[in-house]
Amino acid sequence: MLKMVDGTGIIGVDMVCPLGGTVSPPQPPNYDKVEVEGVGSLVLPNSLKAPLERVELIGNSTQGENPAPDNPQEIKSAGRKSKNLLNLQKQPDVKEIYLGWKVSDGRNVVLSVKDKGNNADITGCYLGLSRTGGSSDGVVWAVNNGSVAAKEVVSKNQYVSVFPSNETTVRKLLERFDVQVEYGNNATDYEPYGYLIDLKIAGENLLSNKSADWQIGKQTSWSGYPDYPVDANVPGISNALFFMNVKPSTKYTFVNKENDKLWVNRIIECEGKKGVRNHALYQNESLNYNKYTFITKDRTTSIIFQIKKIDNTELLSTDIESNKIMLVEGEVNESTPYEPYTEQSVQIALDEPLRGIGEYNDTITKDGVVRKIKKIVLDGSEDEKWALSNDPLNVTTNRFVIRMNVINAYYKMLTMCNKMAWKHMNQVDVVGQSTHGVNFYITLPKDLAPDLQTFRTWLSQNPLTVDYVLAEPVTELLPESVQAQLSALHSYNGTTHITVDSGEVPCGIKLTYRKEK
């Protein structure tokens with residue numbers, strides 16, 4: 001039985017239960033859906049523990065001023081370049097007796113293999129560093145006939161070689177091992193090849209109590225920050241250091257819930273690797289060990305802080321894991337209940353960084369990567385169909401044109417070039433680069449490029465790296481494991497912090513979360 005409550009519509013419904021009585025209608029949700037966006041980080045106030053209904057990462061590109069052939073300016077985009085130099089999934093540089101991938105410019109590299117422990121069959125597989133890539137000349141094996149000859153191999157050899165020279169060998173090696181090549185003499189923790197974007201979601205407490213996140217008892221931990229050296233350690237573990245990114249001109253508070261054990265001894269605010277302020281708390285005799293609040297400088301991008309035992313006795317990893325110090329953004333009372341650190345993290349490895357030009361941006365969603373920007377290199381080779389396309393107003397310059405798969409638009413900045421500044425198409429007799437419709441134009445002085453053949457020769461000696469907006473976006477699928485991680489992300493009750501580490505160029509973020517009414 002349905003019952004109209006008033007004449008404007010059914011705003012209440014009684015349903016007759018077969019066993020007698022009525023069943024109340026569904027109640028409206030006690031939350032609002034809120035869409036927020038920012039760059040690098042977000043804070044979600046009054047959030048509820050609930051799935052994030054939309055997560056979108058947005059690409060970005062930057063470049064120095066006045067790019068020119070004699071003043072090239074690199075185009076930098078969102079995505080931290082992995083230290084791993086090896087991509088076994090791309091086509092090898094050498095295909096001979098061995099498959100060879102060039103990884104080094106002659107400097108020392110270390111090849112490391114970490115067994116995933118899945119017992120995948122690698123019988124008859126070989127992997128190592130070699131001089132030439134395709135032959136046995138100077139090869140040093142890390143995996144030899146299906147067994148691990150060495151977990152780490154250090155060499156000046158420039159190639160990684162695989163034998164037998166087929167895709168099956170590569171697949172079996174990747175199935176069994178995490179393989180990494182990096183510059184230097186010592187292997188570090190594995191990370192996948194490519195451009196990395198790390199997404200982290202945390203609750204109100206920003207301070208991890210996982211000992212693996214800390215540097216414990218390492219007096220060299222301040223290296224790179226010469227203004228603030230750490231005193232040499234006495235025997236035993238005496239301190240622990242933590243590094244984290246923070247916002248400039250923002251208030252932060254340390255609150256200590258066990259002030260008889262640990263406290264923050266020193267805080268260094270940094271801009272990149274340069275210290276901008278030193279909070280030497282150990283020098284403050286009137287320090288309140290329960291609470292310390294500070295506002296970061298307008299140039300601060302990160303902080304390093306040191307925790308020690310209040311009684312200066314030996315500090316162990318178990319002390320970190322059981323500590324009850326909180327770091328929160330903003331002000332907080334000493335009576336605030338302790339909230340343990342909670343975190344969700346996803347690392348996304350991309351073959352190319354996330355780019356952006358004007359209103360056009362590459363994006364990542366739960367479904368995949370939508371590419372709107374493409375990078376190419378123009379070097380005047382025969383497959384490039386260049387033509388001379390002067391305007392009657394070209395007096396001191398020549399304009400050269402090539403048709404590209406660029407979006408068909410007019411009088412908009414749709415390209416970035418490492419050696420040529422963008423100019424408006426109407427600036428006819430001005431050196432630079434531009435698009436009009438689906439055509440890409442380079443304008444150069446006539447004395448530099450008097451004709452088409454001279455221009456091709458010039459271009460072969462001065463290749464141009466160009467980012468441009470694609471005519472049609474291209475979607476790349478993410479690995480199923482990453483899709484599942486993104487779909488499982490949720491906010492926390494109270495306050496939720498979102499941070500995106502995309503390296504030197506910050507990544508935009510847009511999401512929808514549930515907020516308490």
Side-chain angles (χ1 to χ4, degrees), residues 79-198 212 345-352 369 476-485:
R80 175 175 62 86
K81 185 71 174 71
S82 168
K83 64 191 173 188
N84 194 347
L85 305 170
L86 177 63
N87 181 10
L88 285 176
Q89 295 182 332
K90 76 161 191 174
Q91 287 297 310
D93 300 294
V94 178
K95 294 182 180 180
E96 295 178 11
I97 298 174
Y98 303 146
L99 300 178
W101 287 261
K102 189 170 184 179
V103 292
S104 170
D105 57 9
R107 288 178 284 167
N108 262 22
V109 292
V110 53
L111 163 64
S112 57
V113 293
K114 181 181 178 182
D115 199 317
K116 296 179 182 179
N118 56 20
N119 296 318
D121 177 30
I122 55 169
T123 304
C125 292
Y126 294 77
L127 177 144
L129 291 170
S130 69
R131 293 177 190 167
T132 59
S135 71
S136 60
D137 181 32
V139 69
V140 183
W141 296 118
V143 177
N144 188 334
N145 195 26
S147 63
V148 178
K151 292 183 180 179
E152 300 175 14
V153 172
V154 180
S155 173
K156 287 187 179 293
N157 287 349
Q158 294 183 277
Y159 289 84
V160 168
S161 290
V162 167
F163 180 82
S165 55
N166 55 57
E167 293 182 1
T168 301
T169 308
V170 176
R171 177 182 54 77
K172 290 168 70 174
L173 287 167
L174 289 175
E175 185 178 356
R176 180 66 176 269
F177 299 112
D178 285 330
V179 183
Q180 178 162 289
V181 177
E182 57 193 301
Y183 283 117
N185 298 301
N186 298 293
T188 60
D189 291 341
Y190 171 81
E191 60 183 24
Y193 174 87
Y195 294 85
L196 307 180
I197 295 180
D198 294 295
S345 60
V346 182
Q347 183 174 82
I348 305 171
L350 304 171
D351 289 339
E352 298 286 337
V369 186
E476 304 169 0
L477 294 178
L478 290 169
E480 291 183 3
S481 59
V482 175
Q483 293 183 47
Q485 286 178 289

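Values below: every heavy atom of this structure, side chains too, minus hydrogens, waters and symmetry copies.
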Asker: Would you mind reporting whether Tyr190 and Asn84 have side-chain heavy atoms less than 4.5 Å apart?
Answerer: yes
Asker: Is it the case that atom CG in Asn144 sees more than 12 heavy atoms from other parts of the structure closer than 6.0 Å?
Answerer: yes
Asker: Taking all atoms of both residues into account, what is the closest heavy-atom pair of Leu196 and Ala349, and its distance?
Answerer: CD2-CB, 3.6 Å
Asker: In the structure I gave you, are the side-chain heavy atoms of Tyr195 and Asp351 within less than 4.5 Å of one another anywhere?
Answerer: no
Asker: Asn157 side chain to Tyr159 main-chain N or O, any donor-acceptor pair under 3.5 Å?
Answerer: no
Asker: Does NZ belonging to Lys83 count more than 12 external heavy atoms closer than 6.0 Å?
Answerer: yes
Asker: Under a 3.5 Å distance rule, please check whether Asn108 uses its side chain to pair with a backbone N or O of Val110 as donor and acceptor.
Answerer: no
Asker: Looking at CD of Gln347 and CD of Gln485, how far apart are the two atoms once the value is rounded to the nearest 0.5 Å?
Answerer: 9.5 Å
Asker: Taking atom NZ as the centre, does Lys151 end up with more than 12 heavy-atom neighbours from other residues, nucleotides or ligands that are less than 6.0 angstrom away?
Answerer: no
Asker: Between Arg171 and Glu167, is there a salt bridge with N-O shorter than 4.0 Å?
Answerer: no
Asker: Quick check: do Asn145 and Tyr126 have side-chain heavy atoms less than 4.5 Å from each other?
Answerer: yes
Asker: Taking all heavy atoms of Arg176 and all of Asn118, pick out the closest pair and write down the distance.
Answerer: CD-OD1, 3.4 Å
Asker: Regarding Thr123 and Asp121, do their side chains bring together a donor and an acceptor under 3.5 Å, going by distance alone?
Answerer: yes
Asker: As a quick check of understanding, evaluate side chain to side chain contact (heavy atoms under 4.5 Å, CB included) for Ile197 and Leu350, giving each step before the final call.
Answerer: CA-CA 8 Å; Ile197 295 180; Leu350 304 171; 4.1 Å; yes
Asker: Indicate the atoms forming the closest heavy-atom contact of Ser82 with Tyr193, along with that distance.
Answerer: OG-CA, 4.0 Å
Asker: State, to 0.1 Å, how close Trp141 and Ser161 come at their nearest heavy-atom pair, and which atoms those are.
Answerer: CZ3-O, 4.1 Å
Asker: Could you grab the distance from atom CD of Gln483 to atom CG of Leu477, nearest 0.5 Å is fine?
Answerer: 6.5 Å
Asker: About how many Å separate OG of Ser130 and NZ of Lys102, when rounded to the nearest 0.5 Å?
Answerer: 11.5 Å
Asker: Between CD of Gln180 and CG of Leu111, what distance do you get to the nearest 0.5 Å?
Answerer: 9.5 Å
Asker: Could you give me the CA-CA distance, side-chain angles and deciding distance for Phe177 and Leu127, then say whether side chain to side chain contact (heavy atoms under 4.5 Å, CB included) is met?
Answerer: CA-CA 11 Å; Phe177 299 112; Leu127 177 144; over 6 Å; no
Asker: Once you round to the nearest 0.5 Å, how far does CG of Asp189 lie from CD of Glu182?
Answerer: 9.0 Å
Asker: Identify the heavy atoms of Tyr183 and Val103 that sit nearest to each other, and give their distance.
Answerer: OH-O, 3.7 Å
Asker: To the nearest 0.5 Å, tell me how far Thr188 OG1 sits from Glu152 CD.
Answerer: 9.5 Å
Asker: Ignoring hydrogens and angles, tell me if any N or O in the side chain of Thr169 forms a donor-acceptor pair with the backbone of Phe163 under 3.5 Å.
Answerer: no
Asker: Locate the shortest heavy-atom distance separating Cys125 from Val143; write the atom from each residue and the value.
Answerer: O-CG1, 3.6 Å
Asker: Where do Glu191 and Arg80 land on the side chain to side chain contact (heavy atoms under 4.5 Å, CB included) test, with the steps shown first?
Answerer: CA-CA 11 Å; Glu191 60 183 24; Arg80 175 175 62 86; 3.3 Å; yes
Asker: When you look at CD of Glu96, are more than 12 heavy atoms from neighbouring residues, nucleotides or ligands closer to it than 6.0 Å?
Answerer: yes
Asker: Can you check whether Leu88 reaches Trp101 side chain to side chain, under 4.5 Å on heavy atoms?
Answerer: yes
